[in-house]
Enquirer: 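One structure is given below, represented as structure tokens, and several questions about it will come after.
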Amino acid sequence: MKIINKTNDRLYYLVTPSGTTLSGSQVIASGVVDKGNALEFPLPEGKSPIVYVKSIGQYDQGYFSAQPADGNGTVTIAVITS
């Protein structure tokens, strides 16, 4: 699994098994990805995990979620303003 942070803030992430929700679910990976960086880590074999990402910034609430095809997928988070 690879998470790429293309935002201007640190991101907190949680990964749960596929078919689950964040509330009360088993967390199989968690941590922080610094702004402008990427983090790669192994996940157990299986179906597509669900990745929850939340900015650590004081004005952000809730989690964004994405579901890559499998544990070897990449999730890129970017915030684009114009």
Side-chain angles (χ1 to χ4, degrees):
M1 171 66 53
K2 185 175 188 177
I3 298 176
I4 301 171
N5 180 358
K6 292 187 175 183
T7 72
N8 290 323
D9 203 358
R10 297 174 74 207
L11 296 177
Y12 176 64
Y13 70 89
L14 295 167
V15 181
T16 64
S18 68
T20 63
T21 60
L22 182 56
S23 177
S25 178
Q26 171 193 15
V27 174
I28 55 178
S30 66
V32 174
V33 183
D34 287 328
K35 63 181 180 178
N37 286 302
L39 179 66
E40 193 165 0
F41 51 90
L43 285 181
E45 290 296 321
K47 296 181 181 177
S48 53
I50 300 175
V51 180
Y52 295 90
V53 179
K54 180 178 180 179
S55 174
I56 295 178
Q58 65 184 35
Y59 298 110
D60 298 317
Q61 299 181 39
Y63 286 89
F64 165 79
S65 67
Q67 189 166 16
D70 58 40
N72 295 316
T74 297
V75 174
T76 302
I77 308 298
V79 175
I80 300 169
T81 58
S82 57

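All heavy atoms count here, side chains included; hydrogens, waters and symmetry mates do not.
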Enquirer: Consider only side-chain heavy atoms of I, L, V, M, F, W and Y, link residues closer than 4.5 Å, and tell whether I56 and I4 are in one cluster.
Expert: no
Enquirer: Would you say the side chain of T74 lies within less than 4.5 Å of the side chain of P68, judging by non-hydrogen atoms?
Expert: no
Enquirer: Without placing hydrogens or testing angles, list every side-chain donor-acceptor pair under 3.5 Å for residues 35-43, not counting sequence neighbours.
Expert:
| from | atom 1 | to | atom 2 | distance (Å) |
| --- | --- | --- | --- | --- |
| N37 | ND2 | K35 | O | 3.3 |

Enquirer: What heavy-atom pair brings Q26 and P17 nearest, and what distance separates the two atoms?
Expert: O-CD, 3.3 Å
Enquirer: Taking all heavy atoms of Y13 and all of A29, pick out the closest pair and write down the distance.
Expert: CE1-C, 4.1 Å
Enquirer: Using only atom types and a distance under 3.5 Å, with no angle test, would you say the side chain of N5 pairs donor to acceptor with the backbone of V33?
Expert: yes
Enquirer: Holding to side chain to side chain donor-acceptor pair (under 3.5 Å), I want the full list of residues that pass it with N72, two or more places apart in sequence or in another chain.
Expert: none
